[in-house]
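Okay, structure first, notes after.
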Number of protein chains: 2
Amino acid sequence: MSQSERNARVRLVDVARAAGVSKTTVSDALNGAGRLPAATREHVRQVARGLGYRPNATARLLRRGHTRLLGVAAREYVDTPWVYADLAYFSQLTTATTRAALSHGYGVVLLPTSGPEDCWLDMPLDGVFVIDPVAGDPMVGDFLAAGVPVVSDRRALSEAGSGARENGRWVDFDYDGAARQVFDHLEAAGARRIAVVAATATACFHQRSVGTYHDWCAERGREPRIVLLPSPGVQQMLDAVRELLAADVPPDALVTLVEVSPPLLLDTIRRLGRSVPDDLLLVCATEDPAASYTDPPVTTLSFLPGETARAAVDLLVDRIEGRAGDHGRLFSADLRIRSSSAFPGRRPALG
Amino acid sequence: MSQSERNARVRLVDVARAAGVSKTTVSDALNGAGRLPAATREHVRQVARGLGYRPNATARLLRRGHTRLLGVAAREYVDTPWVYADLAYFSQLTTATTRAALSHGYGVVLLPTSGPEDCWLDMPLDGVFVIDPVAGDPMVGDFLAAGVPVVSDRRALSEAGSGARENGRWVDFDYDGAARQVFDHLEAAGARRIAVVAATATACFHQRSVGTYHDWCAERGREPRIVLLPSPGVQQMLDAVRELLAADVPPDALVTLVEVSPPLLLDTIRRLGRSVPDDLLLVCATEDPAASYTDPPVTTLSFLPGETARAAVDLLVDRIEGRAGDHGRLFSADLRIRSSSAFPGRRPALG
DNA sequence: TATTCGTGAAGGAACGTTCCTGCACAAGGG
DNA sequence: CCCTTGTGCAGGAACGTTCCTTCACGAATA
């Protein structure tokens with residue numbers, strides 16, 4: 001008795017027995033369905049409340065066929081000692097994804113990026129948003145094969161093959177265009193020796209931006225100046241900047257592709273005896289709102305985590321709920337020009 | 001035919017039929033259970049692979065009785081237009097929770113903090129971490145009543161009543177002690193006019209710290225100086241600091257309880273013509289690692305999101321998996337003293 | 001030769017819901 | 001008085017697994 005009492009949750013049939021009705025009646029009464037007189041409905045509810053009945057979520061799910069749960073995984077930095085969510089971009093992306101999902105009535109599951117093979121398939125998901133998949137990502141293929149709708153980038157979906165056309169949707173970025181926008185702007189502002197700080201990750205954003213930078217330099221016969229960080233981290237980042245500025249012919253413009261606190265970077269540059277924008281133009285790829293409150297305000301390149309997440313979730317939910325909709329969305333990064341990247345006298349309109 | 005073909009996922013029985021065996025055999029073959037000769041096992045696996053069979057996660061869950069899914073909800077800012085996850089503390093807390101959960105083999109669901117009543121009970125969770133519950137929080141009570149183990153703070157659990165002793169575990173903070181530590185430190189460093197910036201949220205950390213500040217001032221016959229922000233936000237925060245420093249008799253120490261970028265705050269103070277720590281001692285409650293890289297480095301009060309999350313998840317998983325374990329953990333905030341809060345000549349040992 | 005034993009595999013209950021089908025009964029129309 | 005219609009509710013299938021029980025059969029033992 002004490003055994004069954006201890007861990008036996010009260011079920012629908014228990015309520016039915018106690019109320020002297022069938023389980024159909026209980027289910028209908030609690031869900032507001034069926035043809036029941038108010039009296040019966042109320043009576044059943046009383047009994048259910050009295051017994052402390054709570055429906056079993058899993059059983060409901062099985063019956064209903066959907067879980068209203070969306071998975072999110074940032075794959076780019078799989079198997080690194082540090083965690084993607086520590087980066088502002090991913091943090092904002094997951095936050096925005098959560099918000100968007102909730103507005104559609106979906107919960108969000110943060111997925112393991114590593115673990116036993118196929119372990120992600122154990123989660124009862126209605127759809128998945130795979131952020132920055134690695135090349136030939138098995139996760140994308142696994143979910144598509146399991147019939148779970150996926151939003152990821154276009155390349156990953158086409159790699160995954162069959163099932164992708166049916167269940168895959170994509171959200172892509174024009175990384176090349178974004179990088180060129182930055183370099184063109186700096187050149188127009190007078191920069192001739194642009195330096196770039198990026199990370200050596202598999203991060204396709206970094207890889208492609210660095211590639212674009214090489215192309216851009218080659219087209220102009222310039223020498224590329226790049227520092228590649230093995231890992232993100234405040235100290236590594238600042239050290240890289242110190243090293244760059246200590247060169248015999250220091251750069252006259254700096255582009256940071258790795259996340260760094262803009263006011264901190266500005267502070268560091270100041271301590272090195274340089275002045276922004278007089279000695280050095282500065283553009284930061286960052287999501288930190290602090291950039292617009294510094295002196296001078298810092299020009300930023302944002303990858304619009306909020307918009308991206310919203311689009312991804314909309315695409316996913318349309319697919320899940322069987323509505324027609326776009327097959328993908330192409331985003332362009334948002335370059336917000338501020339004083340840190342305009343030489344005095346030729347500042348752009350935007351202060 | 002095309003209808004059933006289109007959306008009918010291949011099930012265990014389909015594999016069984018195709019392989020000419022029973023579902024038991026298929027289940028055993030795929031799960032490595034039962035007494036099967038290697039030949040049969042391999043044959044079944046071939047057929048399953050050929051049909052593209054993927055087990056249904058929900059059905060498994062129902063059978064197994066557990067989902068290996070943990071819920072996380074930050075309740076403090078329920079029904080505010082902005083989202084808790086935008087704050088560094090909560091962001092780090094959820095990240096750390098995710099990491100800890102994954103290390104135990106659990107996924108994490110970010111829960112809606114608002115929505116139709118009881119909507120959180122629709123999620124198939126093995127346990128829940130309710131961060132900063134509001135007074136008389138229904139979420140804590142609902143989960144406990146549904147037999148779902150909960151980790152939250154001690155007060156919320158005792159309010160929730162029955163079921164709490166059995167299924168509840170707690171993680172508490174010594175807010176009062178932390179606040180006193182800060183004020184005592186500033187007084188020892190020579191401060192006589194301490195100002196505090198906090199938020200008017202239901203945030204128990206802010207409420208209690210402000211209360212402690214009042215007590216602390218009363219004990220010394222000092223006049224409390226407090227600015228309460230209606231909402232967090234970079235602009236509001238900086239405006240509050242400007243207002244404080246513009247007073248006829250400006251404060252000689254500043255304690256910020258709301259999240260703000262330390263280098264940005266320092267920058268703002270500098271632009272107001274004040275110097276840290278000469279004119280103003282500074283202590284920030286923040287999780288931003290940038291604090292130690294500024295000039296001067298900023299004294300911080302951290303609420304140890306990493307440790308808190310790890311402890312909460314350990315407590316939860318112990319309970320779920322039926323292991324004995326602690327009933328709770330009390331944390332004390334981590335005051336890391338740096339140069340920003342030491343008058344020249346009486347700097348503490350820690351640089 | 002009759003009995004045990006171990007192996008290989010099938011059948012079916014169970015998990016806890018939802019929902020389709022159907023029955024009994026009362027009221028109303030012909 | 002019979003047939004229809006509608007109401008109130010019960011029974012049971014289904015969702016797709018896992019796993020307990022049973023069973024057949026060939027080999028080894030008495």
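By convention in this document, chain letters (A, B, ...) are assigned in the order of the sequence lines, proteins followed by strands, and residues within each chain are numbered from 1. Only a predicted model underlies this, so the values are computations on that prediction, with no experimental measurement involved.
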Does a side chain donor of either R11(A) or N56(A) reach within less than 3.5 Å of an acceptor in the other side chain? no
Separation of dG16(D) atom P from R17(B) atom CZ, nearest Å, is 12 Å
Phosphate OP1/OP2 of dC9(D): any T40(A) side-chain N/O under 4.0 Å: yes
Walking DNA chain C from its 5' end, the first of K23(A) and V21(B) to be reached, judged by nearest nucleotide, is V21(B)
Over how many whole Å does the gap from L61(B) atom CG to dG16(D) atom C1' extend? 12 Å
Test item: side-chain donor near acceptor, T98(B) and T95(B), under 3.5 Å: no
In whole angstrom, what separates N31(A)'s CG from dC19(C)'s P? 7 Å
Any side-chain N or O of T25(B) less than 4.0 Å from the OP1 or OP2 oxygen of dA10(C)? yes
Does T24(A) or L62(A) map to a spot on DNA chain D nearer the 5' end, using the closest nucleotide for each? T24(A)
Under 4.0 Å between any heavy atoms, over every strand shown, what does V13(A) touch: base, sugar-phosphate, or nothing? Just pick one. nothing
Whole angstroms only, please: what is the CG-C1' distance between L36(B) and dT7(C)? 10 Å
Indicate, with a heavy-atom threshold strictly under 4.0 Å, whether L12(B) touches base, sugar-phosphate, or nothing. base
Would you mind reading off the distance between R60(A) atom CZ and dG16(D) atom P, rounded to a whole angstrom? 19 Å
Check every strand shown and say whether D28(B) touches a base, only sugar-phosphate, or nothing at a heavy-atom separation below 4.0 Å. nothing
For the pair made of CZ in R63(B) and C1' in dA13(C), what is the distance, rounded to whole Å? 8 Å
Distance-only polar pair, side chains of T97(B) and T94(B), donor-acceptor under 3.5 Å: no
Starting from C1' on dC15(C), measure out to NE2 on H66(B) and report it in whole angstrom. 13 Å
Consider the side chain of N56(B), meaning its heavy atoms from C-beta on, and name the nucleotide among dT17(D), dT17(C), dA10(D) that approaches it most closely. dT17(D)
Which part of the nucleic acid does R35(B) contact within heavy-atom distance under 4.0 Å: base, sugar-phosphate only, or nothing? base
Is there a side-chain contact between S22(B) and the phosphate of dA9(C), meaning an N or O under 4.0 Å from OP1 or OP2? no
Can you measure R64(A) atom CZ to dT17(C) atom C1' for me and round it to whole angstrom units? 9 Å
